[in-house]
Every structure is written in C-alpha cells, then in structure tokens.
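Take a look at the structure set out below.
None of these values were measured; they are calculated from a predicted model.
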Amino acid sequence: MKQTSMKKMLALFLVAAMMLAAFTACTEKAPDTVSSPQVTAEQNVSTPDKKQETDNAASEEPVTINFWHHYSAQSAENETLMNVLIPKFEEENPGYKVNAVSHEWADLHDKILISASSNTLPDVARLDIAWVPEFQKMKILVPLDQQMSDFDAVASQLLPSAMSTGMIKGSCYALALNTNTKILFYNADALKAANIEVPKTMDEMYAAIKALSGTNEKGQQVWGLNEPALAGWNVLPYIWSNGGNITDEDCTTASGYINSPETVAAVQKLVDMYANGEFTGFNSGDIPMTDGFGTGRYMMLLEGPWKTAELAGAYPDFNYGMSEVPAGSAGSISVLGGEDIAMFNTANKEGAWKFMKFMTSEFAQEEMAKCGQIPVNTTALDSDTVKNADYAPFLKAITTAKARPTVASWSEIDNALTVAMTDMIVNGADVQSTLDTLAGTIDALLAE
C-alpha cells in the first residue's frame, strides 16, 4: 500500500517537473515574441506606402471624356471617329478614355437642354453653329479664351471665318470643327446653248436668270433661279454681296441695317424676279431642288457641297458647273455653315481641352476631310486630300463667307425674317415698309 502511494506521488512529481520544464521553455522563447511588435511596427510603417501605391494606381485609371455629337451612327464620319480618331487620341493621352455618343441632330439639341437642367451634361459636344449663342446665354459653355492659357495658339491654326461662329460678346465659346458654305451651281448645257458666260457678278447672274427663264422645248416652264426657302441661309448671300446686312457688326441693332438702301435693293431684286417668273422653289408643291435642277427646270441655284453627292446619285449624267457666288458691290459673300466643338462648364476641363485640340489638329481634320468634311485647320486645308476633294470648289468661298448673327435669339429672328420675305416676295408687300417693321421686331429680340 505504501509502495503504491509512493509510486503515485512519484508520478505526480514527474508530471509537475515536466510542466515546469515546459513553462521554462516557453519563457525562454519570450524574446522571439517580444520582437513581434517591432515587426508589426515595420509593417505599420510600410502600410501607408502600399496604400499610396494603391491610391496612385487608382488615380492612374483613365479619366472618361464624354463626347456627344450628331455624326450619323452609320456614317463614314462616325466610323472614322470611332476607329481612327479616338484610338489615336487615347494612344497619345493614356490618362484619358473617350465615350462618344451619337444623337440625331434635333435630338442632340434637346438632350443638351434637358441635361443642363439636371446637371448631367457631357464634357464636350459637337454643336451646330446656330446653337452656340443659345447655350452661351444659358451660361453652360466655357469661355475658352478666358480659361485656356494656350487658346490663342490653338485658335491661330483655325480658319478665322469659321472661328467667328463661336465669338459672342467679345469672348470665344467654341472652336470651329468643320465648315461649309454655298456656291453657284449652273446648268452648263443651258448656258452654252444660250451663249452665256458663267456669271461673275450679281448683275451678270440676274441677266442670265432672265435670259434662261421661260419655257423649254417641251413647253414646260423653267426658272432661272431656285431657292428652296426664304430664311437667312437662303437670302443672306444676295443681301450681303450687295452691301446690305441684318444687324450691325456687334449684333446689337437691326435698324439702319435690315432696312438700309442696300438691303432693300437686294430684296427688291428677288421680289421682281419672282413676279417675272424667274425665281421660285419655296412654295408648297414646287419641284424639289435636286429634281428641278437635274431635269433642267431650274437653271441656277446656290447650294452646299452635299449637292454634288445628291446629283451624282440621282442624275449622274447631268452636266453642271460650279462657281463662286457672283460678286455684288460688296464682293462675293456667301453664308457660312458648319459645326463647332464646345466644352460645358461641368467638364473635366483639362481632358476636354486636350480632346478639343486633338479634334481640330491637322491629323484629325485631314482624316475627317477624307469623309467629306471641309476642315477648318489651315494646314489641313492646304493638304492634297482637301485640294483633290469633291468640295474643292468651295474652299475659296469659305474664306469670305459670313456667319449668321451669333445671338441667342437668332431662331426667332430667322423666323421673323422668313415671314417678312414671304410677305414681300410671294404676297407683294412693300419692301421698304416691311423691312422697317422687321427692323423694330429684330431690335426687340436683340434686346431680350
């Protein structure tokens, strides 16, 4: 019994000794454990660096530039934009991506109006030149000459006449992007048969219009001149070339300009030609322009570069020629069309400006020129691509063409002008008194 108890006590002693040894062993490991805070401290010191690397990586994610435009989704222009220009821009500017969205022309205008009210505007948009004053009045466009330090250097590379479309009250709110204008299209065979030279002056054109009007060998009436409407786009070349105008240079008043002797004389000429059966195309039911010209019913017209493609498609064998708008007392002055590229005031301005400069660069402009867009970059205008293009006859005209008044109320002014022109030309209203009344109407619209 005693032996058994002694054995148990011995066993307990051995267990206790082993536990003490184990405890001692753990205590001797303590220096390794104490060193852990030092390792942790080093890790804590390095953590901000790793976080910074993560933040830097995040900051290097490309910034998206949203670009709205109205290049048709199926057009050559849109294909060039998506497959040539944007990839090139992103390659040259790895910190940026471009999200380009195509809208129908009218839809784009309305979309911008809606987005302005909800503060969801894009960074950049391709705008019809007539929209720029409207959006400037809404205070949603960036005044580029005030906020972009290299504006002058960029603007100096672009066609001055086209750049005028973005100038409003002494500041520039857009860069010219592409341009167009109208020149004289004439029936070459008809002029040759009548032994008439291509008119170089307005007086020569009016004489040719008179000589070519009447009836053809089929007994059909033919007209020397066609215009499909009586808006500013249609009548301004006649008024400007004769020394008339709509407003003063600063677009502050119409009185003394829209009703000046020069404007009255130009409009009276259109009135007389219509009364004599020499001028038509703007009445409901009149022959459409392309059909009337291609079938020999209209002998001359002022139109843009798109007309060449229309004629090639519909009347490929029709023999016609093109020449500058005949010069009046003030010279040959056509009306300027086209689009601008503008930045909204909610944009990523650095990225938006980079993209705008790229789109007006020689490279981008020449690429778009291959699709039929008349460039505004003066170096691109001098390229063989442009010189050999179908629109080459328009290149001289764009240097002297004028933009319609860059005012927010232009749409209302144009509507009033169209109503007055219709009243004078179609209804025979007195020209001077009608233009006097129109001057007061436009003055009120300019004052708004």
Side-chain angles (χ1 to χ4, degrees), residues 180-216 221-230 232-245 262-282 287 289-290 292-308 310-311 315 318-337 390-402 421 425:
N180 60 64
T181 189
K182 304 200 298 181
I183 61 174
L184 178 68
F185 285 66
Y186 58 88
N187 185 321
D189 290 340
L191 262 66
K192 183 177 180 181
N195 198 29
I196 297 173
E197 295 291 328
V198 176
K200 301 298 182 186
T201 68
M202 279 289 177
D203 287 343
E204 291 174 356
M205 183 178 74
Y206 293 143
I209 288 168
K210 184 178 182 65
L212 294 173
S213 299
T215 56
N216 59 19
Q221 183 175 1
V222 297
W223 295 266
L225 179 65
N226 165 257
E227 281 292 347
L230 295 174
W233 174 257
N234 308 94
V235 302
L236 282 171
Y238 307 99
I239 293 172
W240 282 335
S241 296
N242 197 55
N245 221 319
E262 293 82 3
T263 303
V264 169
V267 174
Q268 186 65 58
K269 192 63 183 177
L270 297 176
V271 169
D272 293 344
M273 286 192 295
Y274 180 76
N276 295 333
E278 302 165 4
F279 171 43
T280 197
F282 38 81
I287 304 168
M289 174 186 277
T290 301
F293 188 54
T295 58
R297 303 292 296 278
Y298 301 143
M299 296 298 169
M300 285 184 278
L301 47 91
L302 301 184
E303 254 297 28
W306 47 85
K307 188 57 63 180
T308 59
E310 293 176 13
L311 289 167
Y315 300 96
F318 178 61
N319 184 24
Y320 69 92
M322 293 180 284
S323 181
E324 284 186 86
V325 170
S329 60
S332 172
I333 306 176
S334 192
V335 60
L336 200 68
D390 291 340
Y391 52 74
F394 291 80
L395 298 180
K396 185 176 180 181
I398 63 174
T399 64
T400 59
K402 288 176 60 175
M421 293 296 297
I425 293 174

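Side-chain contact between M300 and N226 is absent, with no heavy atoms from C-beta onward closer than 4.5 Å. Side chains of K396 and E324 form a contact here, defined as non-hydrogen atoms less than 4.5 Å apart. Residues V271 and F279 have side chains not in contact (no heavy-atom distance under 4.5 Å, counting atoms from C-beta outward). Residues V198 and L191 form a side-chain contact, since some pair of their non-hydrogen atoms from C-beta on lies under 4.5 Å apart.
Under a cut-off of 6.0 angstrom, the local environment of CG in N319 is crowded, with over 12 non-hydrogen atoms contributed by other residues, nucleotides or ligands.
Between the T263 side chain and the N245 main chain, a donor and an acceptor come within less than 3.5 Å of each other. Between the K182 side chain and the W233 main chain, a donor and an acceptor come within less than 3.5 Å of each other. Side-chain atoms of S329 come within 3.5 Å of backbone atoms of N242 as a donor-acceptor pair (strictly under, hydrogens ignored). Checking side-chain atoms of T181 against main-chain N and O of V335 turns up a donor-acceptor pair under 3.5 Å. Between the side chain of S213 and the backbone N or O of G224, at least one donor-acceptor pair lies under 3.5 Å. Here the side chain of S332 pairs a donor or acceptor atom with the backbone of V325 at under 3.5 angstrom.
For K269 and Y206, the positive end sits near the middle of the six-membered ring, less than 6.0 Å away and at most 45° from its axis.
Atom CD of Q268 and atom CE of M273 lie 11.0 Å apart (nearest 0.5 Å). In this structure, the separation between CZ on F185 and OG on S323 is 11.0 Å, given to the nearest 0.5 Å. With rounding to the nearest 0.5 Å, the separation of CG in L236 from CD1 in I333 is 10.5 Å. Atom CG of L225 sits about 10.5 Å away from atom OH of Y298, to the nearest 0.5 Å. The CG atom of N216 sits 6.5 Å away from the CZ atom of R297 when rounded to the nearest 0.5 Å. Going from atom CD of E227 over to atom CG of L302 covers 5.5 Å, rounded to the nearest 0.5 Å.
Closest heavy-atom contact between A194 and L212: CB-CD2, 3.9 Å. Shortest non-hydrogen contact noted between P228 and M289 is CD-CE, 3.2 Å. Residues A266 and Y238 approach most closely at CB-O, 3.6 Å, considering heavy atoms. Across all non-hydrogen atoms, the minimal contact from P326 to P199 is CG-O, 3.9 Å. Heavy atoms only, all atoms of each residue included: P305 and Y391 are closest at CB-CB, 3.9 Å. Scanning all heavy atoms of the two residues, the minimum distance from S241 to M202 falls at CB-CE, 3.8 Å.
None of Y320, Y315, Y186 except one satisfies the side chain to side chain contact (heavy atoms under 4.5 Å, CB included) rule with F293; the exception is Y320. The side chain to side chain contact (heavy atoms under 4.5 Å, CB included) with M322 is formed by just one residue from the set D390, T308, L184; it is T308.
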### Task
Dump the intermediate steps for side chain to side chain contact (heavy atoms under 4.5 Å, CB included) on W223 and I209, then the final yes or no.
CA-CA 7 Å; W223 295 266; I209 288 168; over 6 Å; no
### Task
Start with the C-alpha gap between I239 and V267, add the side-chain angles, then the distance that decides, and say whether side chain to side chain contact (heavy atoms under 4.5 Å, CB included) holds.
CA-CA 7 Å; I239 293 172; V267 174; 4.2 Å; yes
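Residues E278 and K210 are paired through a salt bridge, judged by an N-O separation under 4.0 Å between the basic side chain and the carboxylate.
Aromatic ring pairs are classed by plane angle as parallel below 30°, tilted from 30° to 60° and perpendicular above 60°; the pair F282 and Y274 is tilted.
In this structure, a donor-acceptor pair under 3.5 Å is present between the side chains of T290 and E310.
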